[in-house]
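Each ligand, and each atom within it, is numbered from 1 in the order the structure gives.
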Amino acid sequence: MTAVGIDAMEIWTGKLKLDLAETFAPAQGDDPGKYTKGLGLHASSFPDVHEDIVTMAANAAHRLMERKGLEPADIGRIDVATESSFDNSKPVSTYVAGCLEKVYDGDFHHANKGERKFACIAGTQSLDDAYNWIRAGRNRGRAAIVIATDTALYARDDPGEATQGAGAVAMLVAEDPDLVELSPEQGFGSADETDFLKPNQQFPSVDGKRSVNVYLARMREALDDFASVAGEIHPEDYPLIPFHTPFPGMVRKAAALGYRHIIRDTEIEDELAEEIGYQPVPEAFDSDDEFYEAIREYTDALTETERYQAWYAETIDPTLELSRHVGNWYTGSVHIARAAGLKHAREHGRDLDGRQLLVASYGSGAQAEVHAETVVPGWEDEIAQLNVDEQVRRRYELSFEEYEQIHDVHNHDAEADADSLTEPSAEFVFDGWGRMGERTYKYID
Ligand code: HMG
C-alpha cells in the first residue's frame with residue numbers, strides 16, 4: 001500500500017500580538033497567573049486590519065507551493081477547514097485559489113475545492129478527505145492542499161476572550177510524504193452536544209465549563225474506539241501526542257485523563273500502585289459522587305508521580321510551545337501542536353524516524369478523533385523550513401486600546417475602520433468589497 005500523508009506544512013500567524021499577562025490581565029482586573037498558569041497561555045495572535053482567514057490561508061499555501069516548487073497543475077484539490085467563514089455559499093477555498101492565481105501563470109480550474117465545517121475538528125476531517133481521495137486513486141498523481149484557517153474571536157468579556165487566536169496552517173497531502181504517513185485506523189467519540197456553537201452569529205455561544213467536560217468525555221470514547229481497531233495503546237509507545245489545544249490547561253487535563261484511562265489494568269498501573277494505590281472502581285463506592293471524588297484524588301496523585309511527570313514533559317509539553325504564544329486557532333490548533341512537537345524534537349536531536357505520533361483532534365458540538373501518524377525519515381529537513389518562530393517574534397504588540405479597536409475591526413457587526421498596524425510585504429491582503437458583496441484581495445510585492 002503506498003504511503004499517504006503530510007508531505008510538508010507551513011504556518012501563517014496573524015501579525016498582531018496581545019500579551020495576556022502584561023496587557024489583558026490588568027485591563028480585566030485579573031491576576032496574570034490565571035492566564036499564564038491556569039490556562040497556560042501567554043499571548044494571542046490577531047489578524048491585522050488587512051488580514052483575514054483568506055489572506056492567512058493564501059499566504060500559508062503560497063509559502064508551501066513556493067518551497068516545494070509546485071505549480072497549480074500539481075494540485076488536484078484545495079480543502080479549507082474553517083469555522084470563521086463569512087459566506088454561506090461560496091467556499092473560502094475559491095477565494096484562496098483566486099489569490100494564488102494572481103501570482104502563478106497556471107490556474108486551479110481542474111482542482112476540486114471545498115470547505116469543511118465541524119468546529120475545530122474540521123481541519124483533521126479535511127486531511128481525511130485528502131487522504132481518502134488519494135487512497136481511492138482519484139488524484140491523477142496530483143497532491144492536495146489542506147488549509148485550516150480561523151480567526152477565533154469571542155464576544156468581549158466572554159470567559160473565552162483570553163483564549164482567542166488567529167492563524168492558518170497549510171498542509172500538502174501526497175503519496176510518499178516527507179513528514180508523516182497517516183494510519184488508516186481511526187477512533188471516534190461523537191455525540192450531539194450544545195457546548196459551543198454559532199447559530200448564524202459570528203461569536204460563539206459557549207458553555208465554557210461544560211465544554212471542558214464534553215471534550216474529555218468524547219476524547220475518552222475516541223481513545224477506546226481507536227484501541228478497538230489499532231490494538232492496545234501504551235502511552236509510552238508514542239514519542240509525541242499532539243492534542244487539540246484550545247489552551248494548554250485543557251491539554252493538561254486531557255493528558256491526565258488519557259494516561260489514567262490507558263494504564264488501567266497494565267503493568268504501569270501495577271508499578272505505580274506501590275506509590276499511589278490502584279485506580280478506584282465504581283463497585284467499591286456507594287454513590288457516583290464518591291467514586292468521582294476518588295477518581296479525582298487518584299488522578300491528582302498520578303500527576304504528581306515522577307513517571308507521569310517525565311512522560312508529560314517529553315510527550316505532551318513540547319506540543320504546547322506554539323499554542324502558549326498564539327492562542328486557539330480552532331481548526332489549525334492540533335496541527336500547530338504537531339508542528340510544535342516535531343520542532344522541539346528536531347531542536348533537541350530526538351530520533352523519531354519510523355516512530356508513531358498519536359494525534360488527538362477535537363471539535364465542539366462534539367467529536368473527538370484519534371489516529372496514529374508514522375514519522376518519515378528526513379522529517380527534520382521539512383520541519384527545519386518552518387519560520388514560525390520568526391513570525392511569532394515579529395508580531396506587532398498591541399496596547400489594550402489597540403486590541404479593542406482590532407476586535408471591532410474584525411467584528412462583522414461593528415463597522416469599525418482603522419489603518420493597518422504593520423506594513424504588508426510579499427503577501428496577500430484584503431483589499432475591499434466587490435460589486436456582489438464579496439471580499440476582494442490583492443498581492444503586495
Ligand atoms: P474561566 O472562568 O475564565 O477560568 O474559564 P477559571 O476560573 O475556570 O480558571 C481557569 C483555570 O485557571 C482554573 O484551573 C483555575 O483554577 C486557574 P483548573 O481548575 O481548570 O485547573 N486559575 C489560576 N491559576 C493560577 N493563578 C491564578 C488563577 N486563577 C484561576 N491566579 C474556560 C475557563 C475554559 C471556561 C474559558 O476560558 C472558556 O469558556 N473558554 C472557551 C471554551 C473552551 O476553550 N473550551 C475548551 C474545551 S472545548 C474546545 O476545545 C473546542 C473549541 O476549541 C471550539 C471548537 O471546537 O470549535 C473551544
Side-chain angles (χ1 to χ4, degrees), residues 20-21 24-26 28-42 44 53 81-85 116-126 148-167 169 189-199 201-220 222 242-258 296 299-300 303-304 312 319-320 323-324 326-337 360-369:
L20 294 174
F24 187 68
Q28 297 294 108
D30 283 334
D31 179 339
K34 173 172 174 180
Y35 304 116
T36 55
K37 297 197 180 80
L39 298 177
L41 284 171
H42 294 264
S44 312
I53 50 170
T82 186
E83 51 180 300
S84 321
S85 193
R116 258 284 190 175
K117 177 181 73 181
F118 193 152
C120 302
I121 202 172
T124 297
Q125 291 182 317
S126 296
T149 183
D150 270 302
T151 296
L153 288 184
Y154 288 76
R156 296 292 314 283
D157 296 325
D158 186 288
E161 192 178 2
T163 69
Q164 297 175 124
V169 180
S190 190
D192 176 11
E193 299 276 7
T194 45
D195 54 327
F196 171 111
L197 53 154
K198 300 178 182 175
Q201 62 197 47
Q202 184 188 5
F203 301 137
S205 297
V206 196
D207 186 342
K209 304 278 187 229
R210 209 175 101 68
S211 75
V212 169
N213 291 329
V214 174
Y215 178 124
L216 295 175
R218 302 289 79 80
M219 196 58 83
R220 196 176 127 153
F243 277 92
H244 167 58
T245 311
F247 52 92
M250 180 70 239
V251 174
R252 207 162 50 219
K253 291 181 205 291
L257 175 130
R296 259 193 297 277
T299 309
D300 287 348
T303 57
E304 292 300 317
Y312 187 90
T319 69
L320 306 176
S323 160
R324 276 188 194 107
V326 302
N328 191 357
W329 284 13
Y330 286 162
T331 53
S333 158
V334 68
H335 307 292
I336 58 172
S361 304
Y362 176 75
S364 284
Q367 181 161 301
E369 188 259 16

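Using a 4.0 Å cut-off between heavy atoms, Ile121 makes no contact with ligand 1 at all. At a heavy-atom cutoff of 4.0 Å, ligand 1 is contacted by both the backbone and the side chain of Lys34.
Within ligand 1, the atoms closer than 4.0 Å to a non-hydrogen atom of Gly363 are 56 (O), numbered from 1 in the order shown. Listed by number with element, the atoms of ligand 1 under 4.0 Å from a non-hydrogen atom of Ala119 are 55 (C), 56 (O), 57 (O). The distance from ligand 1 to the heavy atoms of Thr163 drops below 4.0 Å at these ligand atoms: 37 (O). Less than 4.0 angstrom separates some heavy atom of Lys37 from each of these atoms of ligand 1: 25 (C). Applying the 4.0 Å criterion to heavy atoms of Val206 picks out, from ligand 1, the atoms 42 (C).
Between Phe203 and Tyr154, the distance separating the two ring centers is not shorter than 6.0 angstrom. In this structure, Phe196 has its ring center under 6.0 Å from that of Tyr330.
In this structure, of Tyr154, Trp329, Phe243, Phe247, the residue bringing a heavy atom nearest to atom 58 (C) of ligand 1 is Tyr154. For atom 42 (C) of ligand 1, the nearest non-hydrogen atom from the set Gly38, Gly160, Ser211 belongs to Ser211. The residue among Ser84, Pro204, Ser364 with a heavy atom at the shortest distance from atom 56 (O) of ligand 1 is Ser364.
Protein heavy atom in closest approach to atom 10 (C) of ligand 1: Leu39 CD2, 3.9 Å. The protein heavy atom nearest to atom 36 (C) of ligand 1 is Pro159 O, 3.6 Å. Nearest protein neighbour of atom 54 (C) of ligand 1, counting heavy atoms only, is Cys120 SG, 3.4 Å. If you check which protein heavy atom lies closest to atom 49 (C) of ligand 1, you get Tyr362 CE2, 3.7 Å. Looking only at protein heavy atoms, the nearest one to atom 50 (O) of ligand 1 is Pro246 CG, 3.0 Å. In this structure, the protein non-hydrogen atom closest to atom 25 (C) of ligand 1 is Gly33 O, 3.3 Å. Protein heavy atom closest to atom 39 (O) of ligand 1, with residue, atom name and distance, is Gly208 CA, 3.4 Å.
For the pairing with Thr163, the side chain to side chain contact (heavy atoms under 4.5 Å, CB included) check across Asp158, Leu39, Leu20 returns one residue only, Leu39.
Here the side chains of Asp195 and Val206 are not in contact, with every heavy-atom distance at 4.5 Å or above. In this structure, the side chains of Asp207 and Thr194 stay at 4.5 Å or more apart for every pair of heavy atoms. Here the side chains of Phe24 and Tyr35 are in contact, with some heavy-atom distance below 4.5 Å. For the pair Val212/Lys253, a side-chain contact is recorded, criterion being any heavy-atom separation below 4.5 Å from C-beta on.
The shortest heavy-atom distance from Lys253 to ligand 1 is under 4.0 Å. The shell of residues lying under 4.0 angstrom from ligand 1, judged by heavy atoms, excludes Ala162.
Side-chain N or O atoms of Asp30 include none that pairs as donor or acceptor with a backbone N or O of Pro32 at under 3.5 Å. Under the 3.5 Å distance criterion, the side-chain polar atoms of Arg252 are matched with a main-chain donor or acceptor of Gly38. A donor-acceptor contact shorter than 3.5 Å is absent between the side chain of Asp150 and the backbone of Thr82. Lys198 places no side-chain N or O within donor-acceptor distance of the main-chain N or O of Ser84, the cut-off being under 3.5 Å.
In terms of heavy atoms, Ile121 sits closest to Gln367 at CD1-O, 3.4 Å. For the pair Ser333 and Pro246, the tightest heavy-atom approach, listed with the atom from each and the gap, is OG-N, 4.2 Å.
An N or O contact shorter than 3.5 Å links Glu83 to ligand 1 by distance. Any N or O atom pair closer than 3.5 Å counts here, and His244 shares at least one such pair with ligand 1. Of the N or O atoms in Asp31, one or more lie within a sub-3.5 Å distance of an N or O in ligand 1. For the pair Lys209 and ligand 1, the shortest N or O to N or O distance falls below 3.5 Å. Annotation: Tyr330 places no N or O atom under 3.5 Å from an N or O atom of ligand 1; distance criterion only.
Ion pairing between Arg156 and Glu161 holds under the 4.0 Å rule for side-chain N and carboxylate O.
Under the 4.0 angstrom criterion, atom 30 (C) of ligand 1 counts as having a protein heavy-atom contact. Within a 4.0 Å radius of atom 14 (O) of ligand 1, the protein contributes no heavy atom. Less than 4.0 angstrom separates atom 20 (O) of ligand 1 from at least one non-hydrogen atom of the protein.
Neither side chain, Thr36 nor His42, offers a donor N or O lying under 3.5 Å from an acceptor on the other. For Thr124 and Ser361, the side-chain atoms include at least one donor-acceptor pair closer than 3.5 Å.
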